[in-house]
Amino acid sequence: MACRIGELVLGCRDPQLLARFWCEVLGFVVLESEEGQWAEIGTPEGFGGPHPTIFFSRRDEPEPGKSRLHIDVNPTDRDQDAELERLLALGARRADIGQTGEEQWHVLADPEGNEFCLLKARINPLAVQ
C-alpha cells in the first residue's frame, strides 16, 4: 500500500482570504476554520475524500526564500483564455518568472503572492475521480 496526499499546508498571513480565493478557483468549500488562525478547504466530501484538502495556516511572516511547491490548475468547463480572465477577476495577478511567452501555461499569483500555473489542457471533471 502506498501513501496518498491528504492535505497541502500553506502558511499565509490571511487564511480566510486565501480560503475564499481558492474555493472560488477550485470549486471547493470551507470545511473548517478558526477566524484569523487557519482554514481548511476541500471538496464537500472533506478530508479523506477523493482529493487532498488545502490547509491555510496563519504565519506572521512568510517562509524565507521562494516556495518550492506550487499548484497547477486546469480549466474544466471553459477554455484557457476564459479561465484566465475569471482568475484575474477573482484577484489573481500575472507573475513573471522569466517566461518566454511561448509557454502553453500562464504563471499567476494568488492574493498573497503564491505562484500557481494555469495549464492549457481541459480536464473532464467527470473523468477525475
Side-chain angles (χ1 to χ4, degrees):
M1 182 76 173
C3 292
R4 75 183 244 334
I5 297 172
E7 62 186 17
L8 302 172
V9 180
L10 181 63
C12 59
R13 289 187 182 96
D14 189 338
Q16 279 66 35
L17 171 70
L18 287 189
R20 286 189 303 273
F21 174 80
W22 283 104
C23 278
E24 288 293 326
V25 170
L26 300 171
F28 279 16
V29 297
V30 174
L31 300 169
E32 293 186 68
S33 72
E34 183 177 320
E35 187 66 35
Q37 297 304 309
W38 58 271
E40 184 171 19
I41 67 170
T43 61
E45 294 89 357
F47 184 81
H51 302 284
T53 63
I54 302 175
F55 189 93
F56 301 100
S57 178
R58 180 169 163 51
R59 301 284 182 268
D60 291 330
E61 293 298 323
E63 299 293 325
K66 180 179 166 80
S67 174
R68 296 176 65 191
L69 177 70
H70 72 265
I71 295 172
D72 287 347
V73 297
N74 296 78
T76 58
D77 62 352
R78 63 197 68 158
D79 67 21
Q80 184 187 41
D81 291 337
E83 184 64 359
L84 175 62
E85 293 306 313
R86 186 181 84 87
L87 296 176
L88 293 171
L90 289 174
R93 59 187 183 282
R94 295 177 188 272
D96 182 0
I97 60 167
Q99 304 92 298
T100 65
E102 300 298 317
E103 293 81 7
Q104 296 289 308
W105 61 87
H106 295 280
V107 181
L108 303 170
D110 71 15
E112 285 202 5
N114 300 298
E115 294 166 358
F116 68 99
C117 293
L118 171 62
L119 305 180
K120 184 170 185 140
R122 281 194 279 181
I123 294 176
N124 178 347
L126 299 177
V128 177
Q129 298 296 327

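The structure displayed is predicted, hence computed values, not measured ones.
Side-chain atoms of Gln80 come within 3.5 Å of backbone atoms of Gln104 as a donor-acceptor pair (strictly under, hydrogens ignored). A donor-acceptor pair is defined here as one N or O able to donate and one able to accept, closer than 3.5 Å; such a pair exists between the side chain of Arg86 and the backbone of Val25. In this structure, the side chain of Glu83 does not engage the main chain of Arg78 through any donor-acceptor pair within 3.5 Å. Put simply, the side chain of Gln99 gets close to the backbone of Ile97: a donor and an acceptor are under 3.5 Å apart. No donor-acceptor pair closer than 3.5 Å links the side chain of Glu24 to the backbone N or O of Trp22. The backbone N or O of His70 sits nowhere less than 3.5 Å from a side-chain atom of Glu115 that would complete a donor-acceptor pair. Between the side chain of Glu112 and the backbone N or O of Arg13 there is at least one donor-acceptor pair closer than 3.5 Å. Checking side-chain atoms of Gln16 against main-chain N and O of Gly36 turns up a donor-acceptor pair under 3.5 Å. Arg94 contributes no side-chain N or O that, together with a main-chain N or O of Leu108, makes up a donor-acceptor pair within less than 3.5 Å.
One distance of note links OG of Ser57 with CD of Glu40; it measures 11.5 Å at 0.5 Å rounding. Note: Cys12 SG to Phe55 CZ = 9.5 Å, rounded to the nearest 0.5 Å. The distance from the CG atom of Leu18 to the CG atom of Leu10 is 6.5 Å, given to the nearest 0.5 Å. Atom CG in Leu118 sits 13.0 Å away from atom CD1 in Ile71 (nearest 0.5 Å). From Leu84, atom CG reaches atom NE2 of His106 across 4.5 Å, with rounding to the nearest 0.5 Å.
For the residue pair Arg93 and Asp110, the shortest heavy atom distance occurs at NH1-O, 3.1 Å. In terms of heavy atoms, Ile5 sits closest to Leu8 at CG2-CD2, 3.9 Å.
Between Ile54 and Leu26 the shortest side-chain heavy-atom distance falls below 4.5 Å.
Cluster membership for Leu17 and Val30, using ILVMFWY side-chain heavy atoms within less than 4.5 angstrom, is not shared. Using a 4.5 Å cut-off between side-chain heavy atoms of Ile, Leu, Val, Met, Phe, Trp and Tyr, with links allowed through other members, Leu119 and Leu87 fall into different hydrophobic clusters. There is a path of hydrophobic side-chain contacts, each under 4.5 Å, that joins Phe28 to Phe56. In the hydrophobic clustering of this structure, Ile41 groups with Phe116; members are Ile, Leu, Val, Met, Phe, Trp, Tyr whose side-chain heavy atoms approach within less than 4.5 Å, directly or through other members. Connection of Phe21 to Val29 is not established within any shared hydrophobic cluster, with ILVMFWY side chains joined at heavy-atom distances below 4.5 Å, either directly or through further cluster members.
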